[in-house]
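Naming convention: chains lettered A, B, ... in sequence-line order (proteins, then strands); numbering from 1 in each chain.
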Amino acid sequence: MGAGIIGAACARELALAGVSVTLLDRDGAAGATTAHGEGNILLSDKGPGPELRLAQLSRRLWPAMVTDSVPGDRAEWDTKGGIVVAATDEGARALTEFAAGQRAAGVRAEPLDPCALSAAEPHLTRDVTAAVHYPEDAQVQPAGAASVLMHAALRAGATLRTGCEVLGAVTWKERVTAIRTTEGVLEADLFVNAAGPWAGELSRRLGAPVDVRPRRGEILVTTPLPPTVFHKVYDADYVGAVGSDADELQASAVVESTRAGTVLLGSSRRAAGFDGRLRPEVLSVIAGRALRLFPCLSGVPVMRAYGGFRPYVTDHLPIIGADPRLDGLWHATGHEGAGIGLAPGTARLLTDLVTGRAPEVDAGPFRVDRPAVIPRGAE
Amino acid sequence: MRPIRISLDGDPLTGSDGQTIAGLLLAAGLRSWRRAPSGAPRGVFCGIGVCFDCLVTVNGVRDVRACRSRARDGDVVTTQSRAEAP
Amino acid sequence: MTRHVVIVGAGPAGLAAATAAVRAGAQVTLLDAADQAGGQYHRMPLDTYETKRPRILERCDWWPGGAVWALERHDERRPPRVHVISGPDGGTRRRHVLEPDALVLAPGAHDRTLPFPGWELPGVFTAGAAQALAKGEGVAVGDRVLVAGSGPFLLPVAASLLAVGSHVTAVLEANPAATVLRGWTQSPWRLAAQAGKAAELAAYAALLARRRVPYRTGRAVIEARGDGRVEEAVTARLRADWSVVAGSERTTAVDALCVTHGFSPQLELPVAAGCALRDGFVLVDEDQATSSTGVYAAGEVTGIAGAPAARAEGVVAGWVAGGGSPARLRTVRRRRDEGRTFAVRLAAAHPIGRRWSGWLRPDTLVCRCEETDYGTLCRTADVSARAVRLATRAGLGPCQARICGPTLAELLDTNPHDRPIISPIRLGELANPPEEKESTP
């Protein structure tokens with residue numbers, strides 16, 4: 001249920017494991033959260049812990065998924081690497097410490113001296129107190145990548161049904177046996193909630209609510225430029241913003257270019273429900289933060305802005321596993337801004353759990369019955 | 001109308017005050033000055049600021065619509081594509 | 001307290017709205033992205049403009065070169081905040097935010113040119129480009145020019161080209177004579193009110209006849225050819241549904257080609273304001289009010305009906321937006337409704353035939369900016385429209401689908417007018433905070 005990147009990855013992995021899969025979406029495939037992000041596949045923003053382990057598994061799985069017989073290279077897989085910079089002495093200390101922890105957890109995090117930094121990013125500000133290069137960070141064109149995964153699922157026997165909205169569950173003895181949809185009743189042994197930021201609403205319709213909330217983000221897109229930004233470059237505050245629980249606007253600079261030559265500037269995080277209205281002052285803040293990193297972009301026009309909704313869980317961990325309240329219902333959602341990067345690992349873990357294989361990473365931290373997911377009183 | 005002089009990629013061109021950069025270039029006999037991503041030549045298409053085909057760099061500022069900008073005496077206009085470094 | 005009305009667009013509709021709103025007692029701010037008032041319709045050389053500036057500009061707050069880059073819907077009970085950058089592009093323009101009591105949107109329309117093989121060659125222009133360059137600067141887009149497409153607009157364009165010394169080889173109307181005549185001659189008494197418009201067109205037709213410029217119906221340009229610039233046009237006979245009659249192709253040597261198949265309303269402002277659309281135009285009521293609180297629309301965005309109708313709509317919109325009583329608008333409303341009848345007639349006489357895409361080839365560009373071809377779009381259409389656009393980059397280039405949007409909307413199910421950044425703004429300009437509200441630049 002949900003044909004974004006997570007649904008497509010799960011459909012592919014389950015179908016390859018011999019499961020008969022139907023992939024549903026109420027609209028078209030890969031059109032919502034998946035098509036409104038930057039396509040990040042990052043280790044750099046994750047400290048040691050379960051999310052990093054899932055990210056490392058995903059990073060290992062990604063290359064094979066986007067290179068297996070894909071005509072036209074729609075995924076635009078790019079191992080450009082990330083560079084994180086700090087602008088203050090305090091920021092430098094925090095970044096250095098953070099990177100050391102990551103290295104201990106097996107992440108390649110290589111400090112860059114000013115000379116190496118200016119060779120790697122000649123247009124970046126010189127006003128930097130520390131910089132760390134993360135060669136494992138990668139990027140895809142997210143809707144293209146989802147389409148590649150979906151096609152692999154279809155080749156493995158899955159079917160896709162778009163324009164099919166889930167209305168409710170048909171249950172029997174605390175087991176979901178079918179779902180009611182706008183296109184009729186669909187029976188299955190197992191239902192996976194991969195509805196991203198709408199996973200909360202979908203789970204309510206099915207009678208087993210999980211606490212997934214939308215967290216709004218905006219991205220600015222410049223006109224196409226000659227090559228100017230070569231890595232994914234962001235300021236060290238980004239890690240803090242990702243980990244923050246604040247409802248008010250959090251903004252940090254994330255700057256990178258796409259294959260078409262446009263530069264994407266992010267990122268903002270705020271609680272706004274599903275309100276998609278543009279807030280010019282948010283765009284202004286994003287522009288200001290980005291210009292601190294790349295002052296040379298000052299004269300470059302922004303031609304587009306778009307926003308999307310991240311599926312946010314208050315403890316910042318995805319939800320992957322069976323729902324303890326309703327047999328047959330599973331969840332694979334709540335990845336916040338990391339869904340593209342974490343999709344392959346999520347699909348692998350879910351499939352391991354479904355088929356009874358031993359998972360490669362510990363599924364415990366992602367279980368459904370934790371306080372952040374099932375609020376007290378909702379059981 | 002007062003005559004003005006601008007340059008396009010270093011070559012001097014003359015026009016008159018009040019002309020747009022696109023009008024001045026067309027009047028000078030040019031038909032194309034921008035390169036599309038494939039390298040194909042482009043010039044004016046819509047003439048009223050909608051199509052962005054006529055983009056030029058003016059005094060170092062990229063992506064100026066030639067059809068919407070009045071040429072000013074001494075303007076340094078350069079052609080642009082996506083390939084070269086800024 | 002005096003009502004503050006912001007009017008976006010200073011063409012015939014916007015100027016009429018400004019005059020009516022001032023008369024109704026409102027304080028008016030009139031914006032236009034161009035540095036001259038008058039819009040495309042009243043385009044003229046800068047020195048002529050100095051003496052012919054509309055007088056209303058002295059009686060309102062006139063912001064030439066004022067581009068609206070965003071509309072902020074901060075409170076659904078009020079019109080949106082209007083975010084403006086003003087001044088010539090290329091330096092740092094100034095940022096302002098206006099908070100009007102009423103907003104009148106009169107952004108107008110631009111040419112809609114359907115793609116055809118070779119339409120990206122330099123020397124292929126929209127008819128509007130030829131018109132603007134001829135009227136605004138006395139520049140001829142070519143020496144041997146073919147004018148083609150559909151609609152009465154082709155006639156004044158040919159006249160403008162003749163006036164600046166071009167040889168116009170022919171004017172081709174794609175619709176067959178039967179369609180055009182049926183559209184124009186049905187219930188002629190209803191056209192009487194538009195006598196001015198009819199006389200204007202008759203004068204153009206007479207001019208073309210005098211200058212021996214052939215006007216042919218049922219014929220279209222289906223390809224442009226040339227090495228680095230247009231050198232010849234391939235024309236062909238069309239059936240009523242615009243399918244090409246095989247074997248009717250002919251080539252003509254030209255150094256410029258002007259092609260327009262109608263007009264696209266500039267809908268990014270109304271869409272950003274949250275206005276409901278119907279049949280591709282802004283839905284308005286008797287008073288030109290849109291579905292968004294305090295937002296009015298006038299001119300070509302409500303239907304392509306020409307300058308007289310746009311003026312009448314502007315009067316209604318400006319008067320009501322300025323707080324005037326709608327009861328006093330009987331005469332102007334009748335003029336507006338006659339204009340709308342004219343629009344219906346125009347649409348019937350010059351429709352776009354549904355089989356036009358027959359002249360496309362797999363390698364014909366649909367998106368000019370990103371050079372996405374027709375074949376690629378047809379092959380990719382299996383995911384959501386947004387995913388197709390991301391995969392092919394169709395409509396994601398600098399023009400943001402202003403040109404290919406209507407065609408993409410036919411091929412994919414997508415809203416071609418959703419552009420929250422209404423006009424490009426440079427990062428440095430965006431990062432600067434707006435200057436004090438309500439100040440005049």
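- Note: Pro280(A) leads Ala305(A), Pro280(A), Gly299(A) in heavy-atom pairs under 4.5 Å with chain C.
- Considering only heavy-atom pairs separated by less than 4.5 Å from chain C, the leading option among Pro142(A), Gly144(A), Gly288(A), Ala287(A) is Ala287(A).
- In this structure, chain C has a heavy atom under 4.5 Å from the side chain of Thr222(A), while its backbone stays farther away.
- Annotation: the span from Leu71(C) atom CG to Leu278(A) atom CG amounts to 9.5 Å, rounded to 0.5 Å.
- For Ile286(A), no part sits under 4.5 Å from any heavy atom of chain C, backbone or side chain.
- Proximity to chain C (any heavy atom under 4.5 Å) is shown, for Arg304(A), by both the backbone and the side chain.
- Interface residue Leu283(A): backbone and side-chain heavy atoms are both found under 4.5 Å from chain C.
- Residues Val221(A) and Leu396(C) are not in side-chain contact: their nearest non-hydrogen atoms beyond the backbone lie 4.5 Å or more apart.
- With a 6.0 Å radius and a threshold of 12 heavy atoms from other residues, nucleotides or ligands, Asp363(C) has its CG atom above the threshold.
- Contact annotation for Asn432(C): only backbone heavy atoms (N, CA, C, O) come within less than 4.5 Å of a heavy atom of chain A.
- Chain C forms more heavy-atom pairs under 4.5 Å with one residue of Asp27(A), Thr223(A), Leu291(A) than with any other, namely Leu291(A).
- Of all the heavy atoms in Arg73(C) and Arg277(A), the pair that sits closest is O-NH1, 2.9 Å.
- Between Glu281(A) and Arg81(C) there is no salt bridge, since no side-chain N of the basic residue sits under 4.0 Å from a carboxylate O of the acidic one.
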